[in-house]
Amino acid sequence: MTVSVVLFTSDLRLHDHPPLRAALDAAEETVPLFVLDPGVEAAGFAAPNRRAFLADCLQDLDAALRDRGGRLVVRTGDPADVVREVMAATDAREVHVAAGVSGYAARREQRLRETVEAAGGLLRVHDAVVTALPPGAVTPQGSDHFAVFTPYHRRWAEQRLRGPLAAPRKVRVPRDAGSDPVPTRAAVTGVSPGLTEGGERAGRARASRWLRGHLAGYEGGHDDLPGDLTSRLSPHLHFGTLSATELVHRARKAGGPGAEAFVRQLCWRDFHHQVLAARPGAATGDYRTKHDHWRTGAGADRDVAAWKAGRTGYPAVDAAMRQLAHEGWMHNRGRLLAASFLTKTLYIDWRTGARHFLDLLVDGDLANNQLNWQWAAGTGTDTRPGRVLNPVRQGRRHDPDGVYVRRWVPELAGLTGAAVHEPWKLAASERARYDYPEPIVELADGLDRFRAARGKD
């Protein structure tokens, strides 16, 4: 029997999976392998919410493979070492894996290549598995990546994407491929109580419901905080239980302004991946430095603590932060608002906020999280790096009746309408009835401080 290995990483699905299809075509038997890498935990990326969602994904992937006569092989250790052991045990000669974009993914690929070739095998790396368009597929003249979204989107939209692949009907796994137990969500502690279910089946069901019922209204409603017309598919895209390529095809087939707006968001995801692929240092350092001297010390620490707890005194910000703590997810408009408030109104280092988001977000993708934080901080790809979002105006615009705020800040449930966005304006006798803090900073003072720090005063 000829044997191949497919190493699953951020692509935990059977539908539209080029590495799996290639591995199945290359051999009579295939080892579907997932490696629990201690290096991920050592680097601080094994957050409870993502570990729980990952366990769901692995359980679902194993079940889907068993439905097709196979099973998932789970091991713990360095991916290259584990692959070498599996190759030796099964006499496999080909290893298939999806391309990644982070510095860690590049190092992992290099280690895999060296190990597989030393064992007499061949490593095949597949593009357009994690993203719809591979990083580097389109580049501007004179550069290795696009630094501005609009021209990237224009070129991206002109490209012909590969067609989605059907899930395999049968997967034969060699008996010699031993496996550790598949992780379970129940074994993970510290999980947000409202964390959504993971796995390809859950992801495909959610995608079908949303595309059928909400895609048409997406263009006008994706910033609506209480309406929550966002797809909530980002966790499934992060873990690869859904294919970005397939989603683009399905949305374009539906057509209309909502579909165009949704595809544009998928393009934003690809945009950030191509930036990080070209500039892996942007995960920890400024993409475009402003030479900031971010606030530190006791006062800054108190402000960060209030921000994390959802006790800044600005209801729209606090509602977003409490949604994050409860669900391990946050509305896209809430993310922009919370990030702008921390980096520009409080003038706190964007890395502090990015780290907190990665500690909680189930969709905590390195490329999108870090580069969106840099966009908000004005150190990234935003063409207007000095813009500052006003949390009161943003609240009134995107939550005009205060429904979102009252859902997540129940202390203010007694306030009606837009008044919920400025509780400090209540008469003293009424204000005393609400167990809610005063603003930790005056917006005008925060704006002046930021402008002075950036040399804009």
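Checking each of Val403, Val405, Asp399 against Leu225 for a side-chain contact (heavy atoms from CB on, under 4.5 Å) leaves exactly one that passes, namely Asp399. Screening Asp349, Leu346, Thr352 for a side-chain contact (heavy atoms from CB on, under 4.5 Å) with Trp294, the sole residue that qualifies is Asp349.
No donor-acceptor pair under 3.5 Å is formed between the side chain of Glu327 and the backbone N or O of Ser192. The main-chain N or O of Leu361 is found under 3.5 Å from a side-chain atom of Arg50 such that the two form a donor-acceptor pair. Between the side chain of Thr90 and the backbone N or O of Val86, at least one donor-acceptor pair lies under 3.5 Å. With hydrogens and angles ignored, the 3.5 Å screen pairs a side-chain donor or acceptor of Arg269 with a backbone N or O of Leu237. Proximity of a side-chain donor or acceptor of Thr241 to a complementary backbone N or O of His236 within less than 3.5 Å is detected. A side-chain donor-acceptor contact under 3.5 Å links Arg351 to the backbone of Thr284. Checking side-chain atoms of Lys344 against main-chain N and O of Ala339 turns up no donor-acceptor pair under 3.5 Å. In this structure, Asp11 contributes its side chain and Val129 its backbone to no donor-acceptor pair below 3.5 Å. The main-chain N or O of Asp318 is never found under 3.5 Å from a side-chain atom of Thr312 such that the two would form a donor-acceptor pair. Judged by distance alone, with hydrogens and angles left aside, the side-chain atoms of Arg185 form no donor-acceptor pair with the main-chain N or O of Val191 at under 3.5 Å.
Across all their heavy atoms, Ala251 and Ala259 have their closest contact at O-CB, 3.2 Å. When all heavy atoms of Ser4 and Ala23 are compared, the closest pair comes out as OG-O, 2.7 Å. Between Pro193 and Ala325, the closest heavy-atom pair is CD-O, 4.3 Å. Minimum heavy-atom separation, Pro19 to Ala98: CG-N, 4.0 Å. When every heavy atom of Gln370 is checked against every heavy atom of Ala354, the shortest pair comes out as OE1-CB, 3.4 Å. The two atoms that bring Leu133 and Val138 nearest to each other are CD2-CG2, 4.1 Å, heavy atoms only.
For the ring-ring contact (aromatic ring centres under 6.0 Å, His included) test, no residue two or more places apart in sequence or in another chain qualifies with His273. The salt bridge (charged side-chain N to carboxylate O under 4.0 Å, His left out) test applied to Arg206 returns no partner, not counting sequence neighbours. Residues meeting the side-chain hydrogen bond (donor to acceptor under 3.5 Å, both in side chains) test with Ser10, sequence neighbours left out: none. In this structure, the ring-ring contact (aromatic ring centres under 6.0 Å, His included) partners of Tyr314, at least two apart in sequence or on a different chain, are Phe341, Trp424.
Under 4.0 Å is where a charged nitrogen must lie from a carboxylate oxygen, and between Asp91 and Arg93 at least one such pair does. With respect to Arg113 and Glu109, a salt bridge is recorded, a charged nitrogen being found less than 4.0 Å from a carboxylate O. Classification of Asp359 and Arg355 as a salt-bridged pair holds, one side-chain N sitting under 4.0 Å from a carboxylate O. Electrostatic pairing of Asp78 and Arg111 counts as a salt bridge here, judged by a charged N lying under 4.0 Å from a carboxylate O. A salt bridge does not link Arg201 with Asp56: none of the charged nitrogens is closer than 4.0 Å to a carboxylate oxygen. Salt-bridge check for Arg124 with Glu94: passed, with a basic side-chain N closer than 4.0 Å to an acidic carboxylate O. A salt bridge does not link Arg13 with Glu246: every distance from a Lys NZ or Arg NE/NH1/NH2 to an Asp or Glu carboxylate oxygen is 4.0 Å or more.
Geometric assessment of Arg232 against the ring of Trp329 yields a positive cation-pi assignment under the 6.0 Å and 45° thresholds.
A donor atom on one side chain and an acceptor atom on the other are found under 3.5 Å apart for Tyr404 and Gln323. Defined by atom type and a distance below 3.5 Å, a donor-acceptor pair is present between the side-chain atoms of Gln374 and Thr379. Donor-acceptor pairing under 3.5 Å is recorded for the side chains of Glu114 and Gln110. In the model, Arg288 has no side-chain atom that pairs as donor or acceptor with a side-chain atom of Thr381 under 3.5 Å. A donor atom on one side chain and an acceptor atom on the other are found under 3.5 Å apart for His272 and Asn368. No side-chain donor from either of Asp144 and Thr139 sits under 3.5 Å from a side-chain acceptor of the other. With 3.5 Å as the limit, one finds no donor-acceptor pair spanning the side chains of Thr230 and Asn332.
Between His326 and Trp408, the ring center distance clears the sub-6.0 Å criterion. Aromatic rings of His356 and Trp307 (six-membered ring for Trp) have centroids within the 6.0 Å cut-off, being under it. When ring centroids are compared, Phe262 and Trp210 come within the 6.0 Å threshold.
Using a 4.5 Å cut-off on side-chain heavy atoms (C-beta onward), Thr150 and Arg154 make contact. Asn372 places none of its side-chain heavy atoms less than 4.5 Å from the side chain of Arg335. Taking 4.5 Å as the limit, every side-chain heavy atom of Pro48 sits out of range of all side-chain heavy atoms of Thr189. Using a 4.5 Å heavy-atom threshold, the side chains of Asp180 and Leu36 count as separate.
Residue pairs satisfying the ring-ring contact (aromatic ring centres under 6.0 Å, His included) criterion with at least one member in residues 11-46, sequence neighbours excluded, are listed as follows: Phe8-His17.
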Stepwise salt bridge (Lys or Arg N to Asp or Glu O under 4.0 Å) check, Asp62 with Arg66: CA-CA 6 Å; Asp62 182 54; Arg66 289 181 185 277; 3.0 Å; yes
Could you check Arg162 against Thr245 for side chain to side chain contact (heavy atoms under 4.5 Å, CB included), going step by step and ending with a plain yes or no? CA-CA 8 Å; Arg162 61 170 180 80; Thr245 301; 3.8 Å; yes
Would you please test Phe146 and Phe271 for ring pair (Phe, Tyr, Trp, His ring centres under 6.0 Å) and show each step? CA-CA 8 Å; Phe146 278 92; Phe271 172 74; 8.0 Å; no
Evaluate Asp292 against Arg454 for salt bridge (Lys or Arg N to Asp or Glu O under 4.0 Å), listing each step before the verdict. CA-CA 7 Å; Asp292 287 294; Arg454 290 280 175 92; 2.8 Å; yes
Before you tell me yes or no, could you show the steps for Asp67 and Arg169 under salt bridge (Lys or Arg N to Asp or Glu O under 4.0 Å), namely the whole-Å CA-CA distance, both residues' side-chain angles and the distance that decides it to 0.1 Å? CA-CA 9 Å; Asp67 287 344; Arg169 294 183 177 181; over 6 Å; no
So Arg250 and Ser208, side-chain hydrogen bond (donor to acceptor under 3.5 Å, both in side chains) or not? Walk me through it. CA-CA 9 Å; Arg250 293 179 69 178; Ser208 293; 3.0 Å; yes
Exercise answer: donor-acceptor pairs, residues 68-77 side-chain atoms, under 3.5 Å, sequence neighbours excluded:
residue: Arg68; atom: NE; partner: Pro168; partner atom: O; Å: 2.5
residue: Arg68; atom: NH1; partner: Ala64; partner atom: O; Å: 3.0
residue: Arg71; atom: NH1; partner: Ala177; partner atom: O; Å: 2.8
residue: Arg71; atom: NH2; partner: Pro174; partner atom: O; Å: 3.1
residue: Arg71; atom: NH2; partner: Ala177; partner atom: O; Å: 2.9
residue: Arg75; atom: NE; partner: Gly178; partner atom: O; Å: 2.7
residue: Arg75; atom: NH2; partner: Gly178; partner atom: O; Å: 3.0

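The local environment of CD in Glu41 is sparse, with at most 12 non-hydrogen atoms from other residues, nucleotides or ligands closer than 6.0 Å.
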